[in-house]
Amino acid sequence: MPPPSAASSSKALAAILPQIASGHAYEAHQKARTFASRYVKSAQYTTAIDVLFQSARELLKAGQPGSGTDLASFLIDVYESKGEEVTDESRGRLTQLIALTGSAGAWRKTLIDKSVAWTAKAGPCPAGDQDLHNYVGELLYKEGTFDLAEPHLLSAGKRDSARLLAQMMSEWWQATALSASPGPFALRGTLPYLLNGNILAARTFITHFISLSSSARPSLRSALAPAPLPVPSSDSDEIVFTSDQVLNFLQLAVRTCQRAQGNKKAQEAWVRLCGTYLSRGGVLATTDVRKYLNEIATLYFAIPPPRNQAANPFGDVLSSLFGGAPSGGGPGPRVLMPSPAAAGLD
C-alpha cells in the first residue's frame with residue numbers, strides 16, 4: 001500500500017504529469033502551483049512537497065528549466081513552512097533537481113543558492129549543509145568551472161572535499177603554467193580551511209596537493225631532502241620538503257596550528273615560522289596573505305593583530321607576544337570552535 005503522501009498526491013499528479021508529457025508545460029506548471037498552494041493552506045506539507053518535487057523533476061527532464069526551477073523554489077518554501085530538517089531524503093530531492101537543471105543560464109545558480117540558504121537555516125552548519133556543498137562542488141568541478149566549484153568545496157570541509165579541491169587546484173595550476181609556482185593555488189585551499197578551524201581538512205588538502213603536483217613536476221621534490229621527514233610525536237605524519245617555499249611553509253604552518261592548544265612553544269614556533277618565510281618576500285609577503293596569517297595567529301595562538309601590518313607584518317606580532325598590546329578598537333576576535341568537518345576526518 002503506498003504511503004499516505006503518495007496516495008494523497010496521486011490525484012494531483014495524474015492531472016499534472018500527462019500535461020508535461022504532451023508538451024503543455026505552462027498548464028502543468030500552473031496546475032502544480034495551484035494544487036501545492038491548496039495543500040499548504042491545509043497544512044498538508046508532505047503532499048505539497050511530493051507534488052512539487054515530481055512536477056519540477058518532470059518539467060526539467062522535458063527541457064523547461066524556468067518552470068522547473070520555479071517549482072523547486074516553491075518546494076524549498078514549503079520545506080521552510082513545514083520546518084523540514086536537512087536529511088538524506090530532503091537534500092536528495094534538491095540534488096536531483098540541481099543535476100537536472102543544467103548549466104545554461106542562471107537557473108541552476110538560483111536553485112543552488114536557495115538550497116544552500118535553506119540548509120544553513122535548517123541544519124547545524126552556518127555556511128550550509130556540507131554534503132550539499134560537496135555535491136555541488138564536485139558537479140561544478142566535473143564541468144570544468146573551477147572558480148565556481150572552489151567556494152563549495154571549501155565550505156564542505158570534508159575529507160573527500162579537501163582531496164577533490166587539491167586535485168582541482170593541482171589541475172588548475174598545471175593548466176595555467178606548469179613552470180610557475182604552485183604556491184598560490186596551495187594557499188587558496190590551505191588558508192581558508194585553517195581560518196574555518198578545520199585543521200584536518202587543511203592537512204588533507206596540502207598533503208594531497210603536494211603529492212599530485214610533485215608527480216606532475218618531479219623537480220618540486222627537494223634534492224636536499226628527497227625522502228619524507230617524519231613528524232615528531234606522530235606515527236603516520238610526515239613532511240615532504242619541496243623546492244617551493246610556499247608549499248614548505250604551508251606544511252609547517254598546518255602542523256604548528258595542530259599543536260596550538262595552550263602550547264606556548266607552538267605559539268613561539270608560529271612567530272618564528274612566519275618571520276622566517278615572510279622575510280624572503282614573494283606571495284607570502286603580500287598584503288592579503290599577511291592579513292590571513294595574522295587572523296590565523298589570533299585564532300589559534302591568541303596573538304593580538306599587529307598595529308601596523310604595512311611596516312612590518314610580524315614585528316608587532318612579536319611585540320604583542322612578549323607583552324605589547326595593539327591599539328584601536330576593531331571587530332571582536334574570532335573564536336576557534338570545534339569544527340564538525342574536522343571531527344569527520346579522523
Side-chain angles (χ1 to χ4, degrees), residues 157 162 186-187 189-207 210 225 228-242 245-282 284-343 345-346:
L187 284 167
T190 310
L191 296 189
Y193 280 140
L194 287 178
L195 285 168
N196 285 337
N198 199 337
I199 298 173
L200 292 177
R203 196 178 84 180
T204 298
F205 170 84
I206 191 61
T207 299
I210 289 174
L229 302 178
V231 175
S233 72
S234 174
D235 296 331
S236 58
D237 198 11
E238 59 186 21
I239 299 287
V240 178
F241 277 100
T242 73
Q245 68 169 359
V246 177
L247 300 185
N248 294 338
F249 170 80
L250 291 174
Q251 291 181 87
L252 296 170
V254 169
R255 272 61 177 197
T256 306
C257 290
Q258 217 167 342
R259 297 162 43 218
Q261 295 179 348
N263 188 331
K264 182 73 171 179
K265 290 184 177 178
Q267 187 186 59
E268 295 169 355
W270 173 263
V271 174
R272 288 196 302 271
L273 175 67
C274 292
T276 298
Y277 277 90
L278 270 69
S279 67
R280 300 172 184 173
L284 290 174
T286 60
T287 301
D288 285 343
V289 175
R290 290 202 314 263
K291 179 173 74 74
Y292 295 138
L293 294 177
N294 286 330
E295 290 181 18
I296 290 170
T298 302
L299 187 63
Y300 288 88
F301 305 101
I303 300 174
R307 296 185 188 94
N308 184 4
Q309 295 184 33
N312 183 353
F314 277 86
D316 279 327
V317 174
L318 284 167
S319 173
S320 60
L321 177 61
F322 295 111
S327 59
R334 297 173 66 167
V335 179
L336 182 61
M337 300 293 290
S339 169
L345 288 167
D346 289 327

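In this structure the side chain of Y193 never reaches within 4.5 angstrom of the side chain of I206, judged on heavy atoms.
Nearest heavy atoms, A260 versus A266: CA-CB, 4.2 Å. Looking at every heavy atom in both residues, A201 comes nearest to A162 through O-CB, 3.6 Å. Between L278 and L284, the closest heavy-atom pair is CG-O, 3.5 Å.
A distance of 10.0 Å separates OG1 of T276 from CZ of F249, quoted to the nearest 0.5 Å. Separating the CZ atom in R203 from the CG atom in N198 is a distance of 11.5 Å, to the nearest 0.5 Å. A distance of 10.5 Å separates CD1 in I296 from NZ in K291, rounded to the nearest 0.5 Å. A distance of 12.0 Å separates CD of Q267 from CZ of R259, quoted to the nearest 0.5 Å. Between the CD1 atom of I199 and the CD atom of Q258 there is a distance of 6.0 Å, given to the nearest 0.5 Å. Annotation: the span from L252 atom CG to L273 atom CG amounts to 5.5 Å, rounded to 0.5 Å.
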- request: Start with the C-alpha gap between Y277 and N248, add the side-chain angles, then the distance that decides, and say whether side chain to side chain contact (heavy atoms under 4.5 Å, CB included) holds.
  value: CA-CA 9 Å; Y277 277 90; N248 294 338; 3.6 Å; yes

task: With side chain to side chain contact (heavy atoms under 4.5 Å, CB included) as the test, would you mind laying out the steps for Y292 and L187 before giving the verdict?
output: CA-CA 10 Å; Y292 295 138; L187 284 167; over 6 Å; no

message: Is there a side chain to side chain contact (heavy atoms under 4.5 Å, CB included) between T256 and Y300? Walk through the geometry before answering.
response: CA-CA 9 Å; T256 306; Y300 288 88; over 6 Å; no

message: Does T207 form a side chain to side chain contact (heavy atoms under 4.5 Å, CB included) with V240? I'd like the steps, not just the answer.
response: CA-CA 8 Å; T207 299; V240 178; over 6 Å; no

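At least one donor-acceptor pair closer than 3.5 Å links the side chain of T298 to the backbone N or O of I303. In this structure a side-chain-to-backbone donor-acceptor pair under 3.5 Å is missing from R280 to A285.
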